[in-house]
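Below you'll find the structure, written out as C-alpha cells, and then a few comments.
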Amino acid sequence: MIRVRFAPSPTGDLHVGGGRTALFNWLFARKFGGTFILRIEDTDGARNTEEAAQGILKGLRWMGLDWDEGPDAGGSYGPYFQSQRKSIYDAYLARLEADGRTYVEDNGAVRFKFSRTAITVNDLVCGDVTFAPTEEPDMTLRRPDGSYIFHFVNVVDDIEMKMTHVFRGEDHLSNTWKHIDLFNAFGATPPTYAHIPLILNSDGSKMSKRDEGSAIEKSYMNGGFLPDAVFNYLCMLGWTPRADVEKLSREALVALFEPSEIHSSNARFDMAKCSWFNAQYLRELSPEALFAVARPFLEKEGLVITDEAVAAAAVYSVKEKVSLLTEIPSWVHYFFREDYVFEADVVTKLKAKPENVALLQAAASALATQTEWTEASVQTAVEEAAKTLSVKPGALMPLLRFALSGQSRGPGVTTIAHLIGQASTLKRIERATAL
RNA sequence: GACCCCUUCGUCUAGCGGUUAGGACACAUCCCUUUCACGGAUGCGACACGAGUUCGAUUCUCGUAGGGGUCGCCA
C-alpha cells in the first residue's frame, strides 16, 4: 500500500514549489490508489503561525489537492501536527540513547552520532547518489529547550506514519544521507525517494517569496487563475507527460504520471505560459461557470451586479479576449454603468470627422424604430441606416462601439447593444454625439 | 571552501549513436474580421566548451565553464 505525504512548515504562504511538491505526491497517490497524507511540520515555535498553517490548507484545497489523512481529515497515524507529537519523539530518542547513538552537549542539546559510512540514496529521479563518509559535525536532534530538529522528527514521522515514498524538493537531496543514517539507526527501511527539480525565476535565479508567481494565494488565487490551469502548468514544469498535447485534464495527468519521467534539471517559471494555460481553461467554461469564478473579480472592482443573466452574458462575451479573470472587469465595466469613461483615443476618433455625429444619429434613428431588441434586429437596423446613408455597415459599427462602450475593443457591437438594451443604447449614442 | 544535482531554440521540452534536431509558450508576418481577440498558415530560433570512445556523436566517458542546491540548536 503506497503512502506519501506533503510536509510543509507553516512559516508563510504556500509557495509554488511546495504546491508542486504536493502535486506530485498527490498524483502518485491517486495513480496507484495510495494514501496522501498532509503533515504540518511546526516544530519551530518561534517561526510557525496558525495563519500560515491555515493558508497552506487553503492553498492546497484551492489546487484541488485533497488529502486522505491530516488536519481536518483525521487518520490512524495522527496527530498530524508535529507540535502535538512530542511523546512519540521522546520515545524514539530514548531508543537512540539506549543504543548509544547520542550524546548530550553542555547546554543540553542532544546530538546524533553519524555512522560515518558511505551512504547511497536510491532516487527515482536522480538515480543512485552516493555520499562518502561524512566529515560534518554530528547533527543536533533536540534543542536545549526540549524541542526537536527537522531531520529527526521528519524521519520519525515517516517511520511512524509508514511512508513508502517521499517526493520532495531537490534541496533536500544533499541531506538525505542523514535521514537514511537515522532510518538505519532505528532499524527501519527508508522510503523510496524522488527528489524533484526546483522551480527557478525566469532569469534563472532562485525563486523565493515575493518573486512573480511564487505565492499560490497572492499570485494565482487572487491573480485570476483557475485551479485546473495552475495544476496543469505546474505538472509541465519538471515533467513531460507522454501525450501529444500539453493541456491535459487531472484525470489524464493522474493516469499518465510516471515518477521516473520526472526531470532532474531545474525549470524556470514562465508566467506567460501559465497564463496561456489559464486562457485555454477559461474558454471552455460554461457561461454560468465563468460568471461564478469571475464574479468576485467584478465586485472587487466595484461593479454592481443587478441583472445576473446580463452580467453572465457580458462576461461570456469577452471570454476569448482575456487570459486571466483579473482582466475581465476592464473589458466589461460599461455593461454595469452608464457613466463609463470614454478612452482618450476613442474621443479622438469620434471627433476626427465632423460627419460622425450624423452617422451616429442616423444609426440611432434606425435603432429607435426597432420593436423587438435582438442581436439580429440591431444588425438589421444598422444595415438599414448604412444603406440610407450610402455607406457600409463597417463605417457605422466602430462608431457605435465607441459610443456604447467608450472603448475601441470589445465584443461584437450587436452583442453590446442587445445586452444593454434599447433604451440604454439610444441614450449612450446621444451622450457620445454630445462629446 | 567541501560535497551533491544539472546543462537542446528567449522559456518549457522531445530525442535515449546515423533525424532536414520535433512540439508548446513567447515573438514576427499573412489570412479571417466592424474592434480586440480566438482560430488557421508561415517564419524566427538550440544541442555551453574541450578532449576522448566510435565508421559516425545532441545522444556514451572524462575534463572545463556556467547554473542550482546542501554543509544550522531553520524547515
Side-chain angles (χ1 to χ4, degrees), chain A residues 7-12 18 40-44 46-48 82 105 107-111 121 123 125-127 129-132 134-137 139-151 153-154 168-178 195-200 202-207 233 235-247 263-277 279-280 283 317-323 327 331 346 349 379 382 386 392-402 405 407-414 416:
Chain A
S9 179
T11 56
I40 305 299
E41 308 219 328
D42 54 350
T43 56
D44 184 355
R47 296 176 54 201
N48 299 144
Q82 291 188 326
E105 296 277 5
N107 66 5
V110 178
R111 285 185 185 267
V121 179
D123 196 278
V125 174
C126 304
V129 182
T130 299
F131 294 84
T134 188
E135 290 176 21
E136 282 183 31
M139 78 172 157
T140 301
L141 260 27
R142 197 179 69 179
R143 303 184 185 92
D145 68 2
S147 63
Y148 290 93
I149 296 301
F150 160 73
H151 302 292
V153 294
N154 188 267
R168 54 168 32 164
E170 195 206 271
D171 51 335
H172 288 292
L173 181 59
S174 296
N175 280 326
T176 302
W177 63 269
K178 298 176 185 175
H195 287 91
I196 64 182
L198 270 20
I199 298 176
L200 271 27
S202 58
D203 65 358
S205 61
K206 179 185 181 183
M207 181 183 268
Y233 175 66
C235 283
M236 311 309 293
L237 236 37
W239 172 47
T240 306
R242 295 216 170 262
D244 51 9
V245 292
E246 295 187 357
K247 180 174 173 296
H263 310 152
S264 44
S265 58
N266 293 340
R268 300 184 186 200
F269 182 82
D270 184 358
M271 187 54 96
K273 187 148 190 179
C274 190
S275 295
W276 176 80
F277 270 102
Q280 302 305 304
R283 281 169 203 142
S317 74
V318 300
K319 73 165 179 169
E320 286 180 349
K321 304 176 186 305
V322 301
S323 296
E327 298 167 3
W331 282 84
V346 166
K349 287 173 183 171
Q379 180 71 35
V382 173
K392 292 177 178 175
L396 254 33
M397 289 297 189
L399 297 177
L400 285 170
R401 168 184 306 290
F402 299 156
S405 70
Q407 299 187 161
S408 57
R409 36 152 209 173
V413 171
T414 54
I416 298 174

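The shown structure was predicted, so the numbers you read here are calculated from the model rather than taken from an experiment.
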Check every strand shown and say whether [X] touches a base, only sugar-phosphate, or nothing at a heavy-atom separation below 4.0 Å.
X       : result
F131(A) : sugar-phosphate
V129(A) : sugar-phosphate
G108(A) : nothing
G410(A) : base
R168(A) : nothing

Distance check, rounded to the nearest 0.5 Å: [X] atom [atom1] versus [Y] atom [atom2]?
X       : Y       : atom1 : atom2 : value
N266(A) : L200(A) : CG    : CG    : 5.0 Å
D171(A) : I196(A) : CG    : CD1   : 9.5 Å
K273(A) : S202(A) : NZ    : OG    : 15.0 Å

Restricting to side chain to side chain contact (heavy atoms under 4.5 Å, CB included), what partner residues turn up for [X], sequence neighbours left out?
X       : answer
S147(A) : R143(A), D145(A)
H151(A) : M139(A), I149(A), N175(A), H179(A)
S408(A) : E343(A), D345(A), V346(A), K349(A), F402(A)
S174(A) : none

Roughly how far apart, to the nearest Å, are [N] and [M] at atom [atom1]?
N      : M      : atom1 : result
C60(B) : A75(B) : C1'   : 39 Å
U58(B) : G22(B) : P     : 15 Å
G43(B) : G1(B)  : P     : 48 Å
C5(B)  : C47(B) : P     : 26 Å
U7(B)  : G39(B) : C1'   : 37 Å
A21(B) : G15(B) : C1'   : 8 Å

What does the B/S/- profile of nucleotides 69-75 of chain B look like, 5' to 3', with a 4.0 Å heavy-atom cutoff to protein? BSS-BBB
[X]: partners by salt bridge (Lys or Arg N to Asp or Glu O under 4.0 Å), with sequence neighbours left out:
X       : answer
K319(A) : none
E41(A)  : R39(A)
K247(A) : E284(A)

Complementary nucleotide for [N] - Watson-Crick or wobble, under 3.5 Å:
N      : value
C27(B) : G43(B)
G63(B) : C49(B)
C36(B) : none

Rounded to whole Å, how long is the line connecting atom [atom1] of [X] with atom [atom2] of [N]?
X       : N      : atom1 : atom2 : result
D123(A) : C4(B)  : CG    : P     : 15 Å
M236(A) : U13(B) : CE    : P     : 9 Å
M271(A) : U11(B) : CE    : P     : 18 Å
D244(A) : G23(B) : CG    : P     : 13 Å
R268(A) : A24(B) : CZ    : P     : 22 Å
L200(A) : C12(B) : CG    : P     : 9 Å
R283(A) : A37(B) : CZ    : P     : 12 Å
K247(A) : U13(B) : NZ    : P     : 21 Å

Check the phosphate of A37(B) against R401(A), side-chain N and O only, distance under 4.0 Å to OP1 or OP2. Yes or no?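 It does not, given that no N or O in the side chain of R401(A) lies less than 4.0 Å from OP1 or OP2 of A37(B).
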Check the phosphate of C6(B) against H263(A), side-chain N and O only, distance under 4.0 Å to OP1 or OP2. Yes or no?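 For C6(B), OP1/OP2 do not have a side-chain N/O of H263(A) under 4.0 Å.
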When you compare the protein's N or O atoms with those of nucleotides 59-66 of chain B, which come within less than 3.5 Å of each other, and at what distance?
none

Result for 5'-nearest mapping on RNA chain B, choosing between F277(A) and S408(A), is F277(A)
Glycosidic conformation of C60(B), taking syn as within 90° of 0 and anti otherwise: anti
Once side chain to side chain donor-acceptor pair (under 3.5 Å) is applied, do any residues pair with Q379(A), and if so which ones, sequence neighbours excluded? E383(A)
State which residues pass side chain to side chain donor-acceptor pair (under 3.5 Å) with R111(A); sequence neighbours excluded, sorted by chain then number.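 R111(A) satisfies side chain to side chain donor-acceptor pair (under 3.5 Å) with E105(A), T140(A) only.
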Do the ring planes of Y233(A) and F269(A) sit parallel (below 30°), tilted (30 to 60°) or perpendicular (above 60°)? perpendicular
Kindly give the atom pairs (protein nitrogen or oxygen, nucleotide nitrogen or oxygen) under 3.5 Å for nucleotides 25-31 of chain B.
none

